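A short write-up of the structure that comes next.
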Protein chains: 2
Amino acid sequence: MEKKPITIKEIAKRLNISVSAVSKALHDDKSIGLRTKMQVKKMAEELNYQPNQTAIFLQSGKTHTIGVILPHLSETFFPQVICGIEDVAIKNNYVVLLGQSNEDPERELMLLESMKKHRVDGILISISKDTTNYDRLAKYKETIPMVFVDRIPDMKEIHYVACNMVSGTIQAVSYLLQKKHRVIGMVNGPEKFFASKERLDGYRKALEKHRLKYDTSLVINCDLSRDEIQEAVKALLNHKRKPTAIVAFHDNAAMEIIEYLMSTKKDKQITVVSFANLPMTAHSIFRPAASVEQYPYLQGQKGMEILLDIMNTKQIAAESPSPYYKIILDSHLKLLKP
Amino acid sequence: MEKKPITIKEIAKRLNISVSAVSKALHDDKSIGLRTKMQVKKMAEELNYQPNQTAIFLQSGKTHTIGVILPHLSETFFPQVICGIEDVAIKNNYVVLLGQSNEDPERELMLLESMKKHRVDGILISISKDTTNYDRLAKYKETIPMVFVDRIPDMKEIHYVACNMVSGTIQAVSYLLQKKHRVIGMVNGPEKFFASKERLDGYRKALEKHRLKYDTSLVINCDLSRDEIQEAVKALLNHKRKPTAIVAFHDNAAMEIIEYLMSTKKDKQITVVSFANLPMTAHSIFRPAASVEQYPYLQGQKGMEILLDIMNTKQIAAESPSPYYKIILDSHLKLLKP
DNA sequence: TTGAAAGCGCTACCAC
DNA sequence: GTGGTAGCGCTTTCAA
């Protein structure tokens, strides 16, 4: 089989007219007579003609493809981000080129390079947790419309959509305080994460609001690996002011922490709150008392909308430097059924 | 900013040589002198030249892109399939165009169409659960190399990789029998699903092996919605031969079933086994006693490998109809910690 | 109302 | 060794 695809040229030949006439007819150009228009369309239909998009891409310089780079898809968080992106993308006739960095900055860079090569019209990225060399990223944002989602680097002059963790953290800590906890520990992510900073910020603000003093040693940074999380918990349990509640960096950390607490005879009753509000958390035996919702679907949607916008305005007014989008959604604490 | 990208032509002009020379130099063609080769490369480097892939795509007729269509990413199963696909794809210099059908046959078709337009070199697809019109799918497999993964339609002459559920089901039922269960119910998926047929097959075979008679009324088909699952469980609980164990279609169904059982005072002790072995299941309060592992990552890997193979052989020997790949992995029962 | 031709950026064949 | 040129499939401008 494998007959080669029908081209515009083929149609032209069969109808004994020019390729340009065919092209125009197919696009309902008004300069083409109704008669030939009909003929052309009929023939196209018969031969099951499909325009070769790659030719159109080359011609137009656009690919109607956007690149999406995410750290991984193993939890439901990022898949939901994709859903938001994809739904908006499809509505606007874009397709999604997906790449997972697997939290590896090298692979992330390789994906960026590969997507650039494929001439994607724009990129949505949630950076890997170990990405520190922002200069390498910056190179791309100069040449391709780029929007950062959820995990945003500490860079100037970027478009991004993120969820403000400060408000959620304040709610989380306030919730604990209201439950009469007075010593609250925190197992935070790496210090350099923007996300860690936000959580710490919210934590401090909440304490301040309740006129409690902030004790640095109750906040422990870790790389979120199983081991370091355990170390962090142990440190808190051995603390001279042993906490009765813990704020975890995210649901996964929370579950690890609770699993550990449950394995120790006497610390089962420590309350844990966390971030992400993953659906699976609700059923887990190691579920926290509450979790801060970060609206991944919405973030994806918004991110894609921003990207569409900058891709469009770039075409129209390349000279006027458009302002940078900084969309920040507020996070909210969700209580989980006990 | 927005200076237009450097082309081969620009390099040629600056160096006062021909475009063909530049092209060849860039490809290390042996017919080009070392001197000019160096010059060209240096200039390319300086100008930060990036070949325009869309031009190459048009020229070569290949896009080095494969389309992946999955029902959804909400559970960890399909994300793991993607991982397998992506890892192999990247190694072979392919990128992944992703689309979720959301279990909607119309959207699935639209995605196929859109990917065809984008001239993907091949397609990996796991069909939506409501896809019944296979003719519409068949149209695509004639023109684009296509491999079905995990959810395969009941069609002839297709390439696929799937997991044989029969062996896993036999193991699951045998496990229950060995635990002295003598009346085993089954909450199966829709009757038309191939996956449902396999499970039923395994169920019957296991009973046969143990010389127990097969009672049709203990197997209930449902559409796997929350409501129908509940109805199915109720029917089983009201059965004159009330089962002491249930085989569920997959982990999600199992969790729904167990949630329901736990809400009824007296049926908590009914044992449930299921399929998928999702990581989250292990921590769930509603976790089954055991689950059949279906190796999603491996399926993705194999699927991509097959696709690569047929894409390659198609180029080389289009005339000889290659045999159809039918890779079937055996499934295995995994016990979950109580 | 239609057609010819240039051109998008690149490759590859054939002359020189 | 190097350069000219045709062509991948399509759009678009300009002439007829």
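In what follows, chains are A, B, ... by sequence order, proteins preceding strands, each numbered from 1. It should be emphasised that the depicted structure is a prediction, and the values quoted were computed from it without experimental measurement. What's counted below: heavy atoms across the whole structure, side chains too, no hydrogens, waters or symmetry copies.
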Q.
Strictly below 4.0 Å, N to O, side chains only: are B:Arg151 and B:Glu103 in salt-bridge contact?
A. yes
Q.
Heavy atoms only, 4.0 Å cut-off, all strands: where does B:Ser31 land among base, sugar-phosphate and nothing?
A. base
**Q.** Whole-Å gap separating P (C:dG9) and NZ (A:Lys62)
**A.** 13 Å
Q | Salt bridge flag under 4.0 Å for residues A:Lys302 and A:Asp309 | A | no
Q | C:dA4 base / A:Ser18 side chain donor-acceptor hit below 3.5 Å | A | no
Q: Can you tell me the distance, in whole Å, between the NZ atom of B:Lys13 and the P atom of C:dG9?
A: 12 Å
(Q) Would you say CE of B:Met38 has more than 12 non-hydrogen atoms from neighbouring residues, nucleotides or ligands within 6.0 angstrom? (A) no
Q: Round to a whole Å and report the spacing from CD1 of A:Ile56 to C1' of C:dG7.
A: 16 Å
Q) With a 3.5 Å cut-off and no angle check, do the side chains of B:Gln80 and B:Tyr295 form a donor-acceptor pair? A) no
Q) Is there a residue in residues 33-50 of chain B whose heavy atoms reach under 4.0 Å of DNA chain D, and which residues are they? A) B:Gly33, B:Thr36
Q) Counting side-chain heavy atoms from CB outward, which of C:dG9, C:dT2, C:dG7 is closest to B:Leu58? A) C:dG9
**Q.** Value in whole Å for how far the C1' atom of C:dA12 lies from CD1 of B:Ile32
**A.** 13 Å
Q: Could you tell me whether B:Glu305 and B:Lys91 make a salt bridge, using a distance below 4.0 angstrom between a side-chain N and a carboxylate O?
A: no
Q) Using a cut-off of 4.0 Å on non-hydrogen atoms, how would the nucleic acid contact of A:Ser23 be classed: base, sugar-phosphate, or nothing? A) base
Q. Is the shortest distance from a Lys or Arg side-chain nitrogen in A:Lys41 or A:Glu45 to a carboxylate oxygen in the other one below 4.0 Å?
A. no
Q) How do B:Gln59 and B:Asn16 order along DNA chain D: which one's closest nucleotide is nearer the 5' end? A) B:Asn16
Q) Once you round it to whole Å, what is the distance between C1' of C:dT11 and CG of B:Leu26? A) 12 Å
Q) Are A:His159 and A:Phe148 close enough that their ring centers fall under 6.0 Å? A) no
Q) Is a salt bridge present between A:Lys42 and A:Glu46, judged by a nitrogen-to-oxygen distance below 4.0 Å? A) yes
**Q.** Atom-to-atom span, NZ of A:Lys30 to C1' of C:dT2 - whole angstrom
**A.** 17 Å
Q. Between A:His27 and B:Ser60, which is nearer to the 5' end of DNA chain D once each is assigned its nearest nucleotide?
A. B:Ser60
Q.
Between A:Glu86 and B:Arg107, does any NZ, NE, NH1 or NH2 come within less than 4.0 Å of an OD or OE carboxylate oxygen?
A. yes
Q. When you list every nucleotide of DNA chain D with an atom under 4.0 Å from a heavy atom of chain A, which one comes first 5' to 3', and which comes last?
A. D:dC8 to D:dT13
Q: Compute the centroid of each ring, for B:His64 and then for B:Phe57, and state whether the two points are separated by less than 6.0 Å.
A: no
**Q.** Value in whole Å for how far the P atom of C:dG9 lies from CZ of B:Phe57
**A.** 15 Å
Q: Would you mind classifying the nucleic acid contact of A:Lys24 as base, sugar-phosphate or nothing, using non-hydrogen atoms under 4.0 angstrom?
A: base
Q: Check the distance between C:dC10's C1' and B:Asp29's CG and give it to me in whole angstrom.
A: 14 Å
